[in-house]
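Residues take their numbers from the sequence shown, with the count starting at 1.
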Amino acid sequence: MRFVVPTGSVKAALLAGSALVISTPAPALAQDAGTLDAEEVSDAASEASGEISDSDNVIIVSGFRQSLNAAIAAKREAVGQVDVIVAEDIAKFPDTNLAELLQRIPGVAIERDAGEGRQITVRGLGAQFTRVRVNGMETIATSVDGASFNRDRAFDFNVFASELFNSIVVNKTASAALDEGSLGAVIDLNTGNPLSYGAGLKLVGSAQARYNDLNDDLAPRVAGLLAWNNADETFGISASAAWTKYETPELGNNSVRWANNATFRSVDGVDCAANPADSGCVEVREAFHPRIPRYGLVNHDRERLGATAAIQFRPTDRTDIELNALYSNFKEDRDEYWGEVLLRSNEDEIDLSNYVIDSDNNLISADLQNAWVRNERYHRESETDFYQISGRLEQAFSDTFRVSLLAGFSKSDATIPVETTIIFDDRDGEYSYDYTDMKFPRLTFESDVTTPGAFQLAEFRDRPSSVENKFKTVAFDLEWEPTQGLKLSGGPFYRQFDYATESARRDSQYCSVFTCAPGAYGAPVTGDLAELFELGDAGQPAGNTNSWIVPDLDAAIAFLDLYNRPAVTREGDVRGVEEKVTGGYFQTDFEIDQGMRVTGNFGARYARTEQASQGFNNGQYVTVERTYEDFLPALNLNVFPSDDFIIRGAIARVITRPSLGNLTPGGSVDEFNFRITTGNPFIEPYRAWNYDLSAEWYFAPGAILSLAGFIKEVESFPVGSSQQITYAQSGLPLSLLTSGTPAYDAIVNGTDPNREFEFRSTTNGEGATIKGLELGLHLPFSVFSAGALSNFGVLGNVTYVDSSQEIEFEGETFETTFAGVSKYSANGTAYYDDGRLSVRVSAAYRDGYNAGGSGNGNFLEGFSSSFNLDAAIRYKLNDFIELTLDGNNLTDDYRFRWTDDVARRNYENNHFGRIIMAGVRFEY
């Protein structure tokens with residue numbers, strides 16, 4: 001066997017891979033994309049922007065096309081299946097954060113929050129199955145969604161501005177050298193190397209005005225980069241920053257799920273308590289009705305600040321020292337204004353008439369008397385601070401032996417100092433609803449909802465909370481090339497991950513803590529405590545009620561002296577997990593050329609996990625410890641039947657550690673839905689074998705057609721378990737129950753002391769299989785023409801995922817897709833780029849999917865399909881100044897969320913407005 005090592009570098013390989021320089025030699029060894037130096041990716045893109053000659057011709061590529069070519073080159077030379085986005089893509093796609101960038105990659109779909117990408121799904125596996133590394137170091141960034149913190153291993157990409165990063169690499173296949181912990185993908189976010197910017201001073205800046213057509217909000221967005229290298233390019237420093245502040249409206253309707261098995265006081269005048277067998281009472285009781293039908297506004301006031309700093313010192317060709325720091329601050333004030341009726345738990349006081357039940361057993365329309373009219377004001381302040389400091393030393397002791405040391409620390413602090421709800425009630429109101437159109441129901445208040453005197457201040461809540469994630473990482477790698485075409489690498493690693501969460505409550509009914517007049521359930525509402533709310537465009541039909549009073553937040557808080565009341569920490573709201581992972585890996589990379597080029601690597605990774613889970617159990621704070629080990633072999637093989645055609649195969653054993661929320665030995669109580677949820681610190685990790693096969697055809701300069709297939713055999717899949725028990729059987733103290741809730745009234749007040757609760761936990765479930773196909777194409781029209789048509793091009797991809805798992809529901813077993821998995825997803829971009837003018841239109845489609853378990857007798861809940869259309873225009877006035885115009889969500893796509901996989905009942909339906917951003921970018 002003969003090993004061949006041509007001369008060259010990874011940088012040269014990137015250029016050669018893009019077919020820009022036909023004569024450039026192939027690299028010494030193909031690289032793992034995960035270990036590709038961000039500087040080399042950046043340099044490749046930079047060099048591609050100039051004139052590059054071979055023996056026959058000169059090809060000039062600049063701007064957006066240059067970045068695509070560099071990304072294709074990195075994909076071509078990587079050993080595993082990867083996709084790459086480089087700086088020009090990041091700077092010039094019309095995307096506001098990293099999640100929206102990543103949806104351009106085959107097999108990647110995103111989950112949105114407030115109209116923005118927040119988390120990703122890769123090849124059918126949700127965010128908790130994807131590991132994210134920032135500058136080579138695994139980390140977790142946590143933000144807040146519509147309901148609560150992300151208290152899992154999922155990475156929230158909306159914490160970071162896209163302008164901060166130089167390149168993104170998505171590793172879809174595992175290798176021994178790549179960090180374990182992912183069944184889906186390992187994603188590398190790189191902030192760039194100072195020495196990649198060249199000698200002297202470099203200054204880049206951009207400023208944009210952001211406009212939302214739903215609320216007419218005009219907001220700023222600015223970013224800048226400053227870098228300096230000495231003349232010898234041995235020492236460099238760089239710093240960057242990005243800041244934006246804006247408001248996003250979320251207008252629409254919400255039902256807070258549907259429920260059945262509730263007896264109304266009367267149906268069409270028949271007293272149901274006295275006549276329980278009446279046909280009308282029976283069919284209404286068995287039908288599903290909306291729990292809290294409502295229209296309203298959720299306003300998201302967001303501010304995102306990010307900054308990076310780096311120092312790089314390369315005194316010789318054999319020594320490279322780099323220090324990186326990253327900071328991000330993400331703030332959001334969330335304000336909600338709801339006009340609603342509280343059917344939930346109050347059905348026995350409501351008279352119902354003129355009802356209609358559809359073929360899915362939905363009580364889709366009815367008139368209500370003695371209804372609990374509730375006007376609600378919600379305010380939450382949240383903030384995420386993310387810090388990371390890391391250092392890397394690379395030292396070559398000879399041409400064949402190198403070592404590298406990586407060490408760093410990251411911390412994500414997410415806090416909610418204020419989460420306040422103020423509630424006005426009118427408990428004898430008249431109301432009608434009609435869900436004939438499930439997406440846009442008609443909700444009409446027949447009684448007066450604009451006069452303060454009709455209401456009483458009935459309840460108040462405040463729930464401050466916090467989540468903290470910390471990572472410490474040390475890794476030592478050695479590389480030795482004993483002969484040409486062969487590289488041996490390996491080394492030990494250590495990681496420590498700490499997770500802690502805590503929350504408290506200031507919740508009560510007004511009359512439980514203040515003196516009320518006889519027969520009253522709250523304080524009289526005066527004009528000083530209320531303000532009038534106008535709904536605006538929520539897609540509502542004619543006849544809908546569009547204005548109502550809501551609490552004046554500041555006045556109500558002062559009236560209650562709310563924040564001076566003690567916040568009570570409940571046992572189930574304090575928990576944590578600590579993990580220490582030690583291990584090492586060994587890997588062999590090879591390149592063979594005996595008439596046909598073959599590259600690849602094989603090796604194994606060993607990881608020992610020491611886990612300590614903390615939480616309250618039966619009134620005592622306990623720590624449960626356990627240890628488990630994993631041996632993870634991996635093989636990647638690439639065959640080149642010709643220089644432009646690659647067949648890739650990969651087999652790997654992979655794991656994802658259990659969800660953090662499932663590991664706590666403690667739990668929590670849902671006092672409205674009579675549900676107890678507790679963790680299980682002994683559940684096993686998700687373990688799987690991944691099989692991947694792909695073909696890539698680089699049929700022209702800068703062009704690629706690819707087809708990839710994958711199978712993930714998940715052999716241990718933790719699943720939820722559920723049983724009915726009484727509260728006493730749970731062993732939990734009565735102190736967990738809050739005055740004024742249905743559970744408190746039933747158990748403590750004794751109206752139903754033997755009331756059963758659903759007891760939910762997690763157990764080790766059966767295995768499952770995910771399989772799918774990805775088809776990708778990048779077609780520059782220069783393939784067909786050397787004239788003006790050559791400035792056009794298209795790129796896009798389609799992904800198909802087939803997944804199934806068995807879920808128990810109400811004593812039966814059902815087969816359904818994995819949570820978060822869309823069967824089909826696709827995106828595409830058509831572009832024009834002549835070096836001065838660049839125009840792009842991008843579309844992203846995602847099939848509907850279930851988001852996991854629901855409640856109240858509904859089988860799962862999820863989202864309907866989505867389609868987003870974005871566009872971007874760039875025009876270079878000269879070598880220094882560029883004008884920009886971006887459009888996001890140009891179709892103002894509604895997000896429809898359903899409950900129950902069969903009936904698809906309305907959970908919520910909202911839209912967020914079109915975004916237009918205009919600005920200028922300069923570079924010196």
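Few gaps surround NZ on K245; more than 12 heavy atoms of other groups in view lie less than 6.0 Å from it.
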Original post:
Run the side chain to side chain contact (heavy atoms under 4.5 Å, CB included) check on L178 and Y585 step by step: do they pass?
Top reply: CA-CA 9 Å; L178 203 59; Y585 79 95; over 6 Å; no
Subject >> Trace of the side chain to side chain contact (heavy atoms under 4.5 Å, CB included) decision for F497 with V577 >> reply: CA-CA 8 Å; F497 170 59; V577 177; 5.6 Å; no
**OP:** Could you walk me through whether T501 and V574 pass the side chain to side chain contact (heavy atoms under 4.5 Å, CB included) test, one step at a time?
**Re:** CA-CA 6 Å; T501 181; V574 180; over 6 Å; no
Subject >> salt bridge (Lys or Arg N to Asp or Glu O under 4.0 Å) between R221 and D886, worked out >> reply: CA-CA 12 Å; R221 182 183 182 188; D886 296 325; 5.2 Å; no
**OP:** Please step through ring-ring contact (aromatic ring centres under 6.0 Å, His included) for the pair F330 and F160, ending with a clear verdict.
**Re:** CA-CA 8 Å; F330 180 62; F160 297 110; 9.8 Å; no
Original post:
side chain to side chain contact (heavy atoms under 4.5 Å, CB included) between R657 and Y628: does it pass, once the steps are laid out?
Top reply: CA-CA 11 Å; R657 294 178 176 86; Y628 55 88; 3.3 Å; yes
**OP:** Take E684 and R626, measure what salt bridge (Lys or Arg N to Asp or Glu O under 4.0 Å) needs, and give me the verdict at the end.
**Re:** CA-CA 11 Å; E684 293 295 321; R626 65 178 296 209; 3.1 Å; yes
**OP:** Please assess D573 against T569 for the test side-chain hydrogen bond (donor to acceptor under 3.5 Å, both in side chains), listing each intermediate value before the final yes or no.
**Re:** CA-CA 7 Å; D573 296 333; T569 298; over 6 Å; no
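Distance alone, capped at 3.5 Å, is enough to place a donor-acceptor pair between the S182 side chain and the F129 backbone. A donor-acceptor pair is defined here as one N or O able to donate and one able to accept, closer than 3.5 Å; no such pair exists between the side chain of T319 and the backbone of T316. When atom types are taken as modelled, the side chain of N193 and the backbone of S196 share no donor-acceptor pair closer than 3.5 angstrom. In this structure, the side chain of T656 engages the main chain of G181 through a donor-acceptor pair within 3.5 Å. The backbone N or O of V467 lies less than 3.5 Å from no partner atom in the side chain of D413, so there is not a single donor-acceptor pair.
In this structure L323 satisfies the side-chain contact (heavy atoms from CB on, under 4.5 Å) test with no other residue, sequence neighbours excluded. Checked against salt bridge (Lys or Arg N to Asp or Glu O under 4.0 Å), K331 has no partners two or more places apart in sequence or in another chain. Remark: D385 pairs with no residue by the salt bridge (Lys or Arg N to Asp or Glu O under 4.0 Å) rule, at least two apart or across chains. For E479, the salt bridge (Lys or Arg N to Asp or Glu O under 4.0 Å) criterion is met by R402, not counting sequence neighbours. Contacts of Y606 classified as side-chain contact (heavy atoms from CB on, under 4.5 Å), with partners at least two apart in sequence or in another chain: R608, E629. Evaluation of the salt bridge (Lys or Arg N to Asp or Glu O under 4.0 Å) rule for D477 yields no partner, not counting sequence neighbours.
Using a 4.5 Å heavy-atom threshold, the side chains of S328 and L305 count as separate. Annotation: side chain of I105 is not in contact with side chain of N827 (no heavy-atom distance under 4.5 Å). You'll find the side chain of T248 stays beyond 4.5 Å of the side chain of R302, heavy atoms only. Annotation: side chain of R653 is not in contact with side chain of F631 (no heavy-atom distance under 4.5 Å). The shortest distance between side-chain heavy atoms of P658 and P685 falls below 4.5 Å. Between L632 and I655 the shortest side-chain heavy-atom distance falls below 4.5 Å. The shortest distance between side-chain heavy atoms of S390 and Q388 falls below 4.5 Å. Looking at T627 and T609, their side chains never come closer than 4.5 Å, going by heavy atoms from C-beta outward.
Side-chain N/O atoms of S240 and T308 include a donor and acceptor closer than 3.5 Å. For the 3.5 Å distance criterion, the side chains of S613 and Q611 qualify, holding a donor opposite an acceptor. Looking only at atom types and distance, the side chain of N135 has a donor-acceptor partner in the side chain of T191 under 3.5 Å away. Of the N and O atoms on the side chains of Q128 and Y686, at least one donor lies less than 3.5 Å from an acceptor on the other residue. For N636 and T173, the side-chain atoms include at least one donor-acceptor pair closer than 3.5 Å.
Heavy-atom minimum distance, G236 versus L195: N-CD2, 3.7 Å. Scanning all heavy atoms of the two residues, the minimum distance from G820 to R846 falls at O-NH2, 2.6 Å. The minimum heavy-atom distance between D870 and N888, with the atom names listed, is OD1-CA, 3.2 Å. Minimum heavy-atom separation, A604 to A176: N-CB, 3.4 Å. When all heavy atoms of V170 and A185 are compared, the closest pair comes out as CG1-CB, 4.1 Å. Of all the heavy atoms in S238 and A227, the pair that sits closest is CB-CB, 3.9 Å.
To the nearest 0.5 Å, atoms CG (L405) and CD (Q395) are separated by 12.0 Å. Interatomic distance, CD of Q587 versus OG of S489, reported as 4.5 Å (0.5 Å rounding). One distance of note links NZ of K472 with CD of Q496; it measures 5.0 Å at 0.5 Å rounding. To the nearest 0.5 angstrom, L663 atom CG is 5.0 Å from I683 atom CD1. Interatomic distance, CD1 of I85 versus CG of N166, reported as 12.5 Å (0.5 Å rounding). Atom OG1 of T139 and atom OH of Y387 lie 13.0 Å apart (nearest 0.5 Å).
Using a 4.0 Å cut-off between charged side-chain N and carboxylate O, R495 and E180 make a salt bridge. Comment: R334 does not engage E381 in a salt bridge, judged by the lack of any side-chain N to carboxylate O separation of less than 4.0 angstrom. A salt bridge between R133 and D188 is present, with a side-chain N of the basic residue lying under 4.0 Å from a carboxylate O of the acidic one. Using a 4.0 Å cut-off between charged nitrogen and carboxylate oxygen, K75 and D83 count as a salt-bridge pair. The existence of a salt bridge linking R210 and E247 is excluded, since no basic side-chain nitrogen approaches an acidic carboxylate oxygen closer than 4.0 Å. Using a 4.0 Å cut-off between charged nitrogen and carboxylate oxygen, R687 and D630 count as a salt-bridge pair. The residues E322 and R392 are annotated as not salt-bridged, no charged nitrogen and carboxylate oxygen being separated by less than 4.0 angstrom.
Between F313 and F235, the two ring planes are perpendicular [angle over 60°; tilted spans 30° to 60°].
Annotation: cation-pi geometry satisfied between R605 and F493 (NZ/CZ under 6.0 angstrom from ring centroid, within 45° of ring axis).
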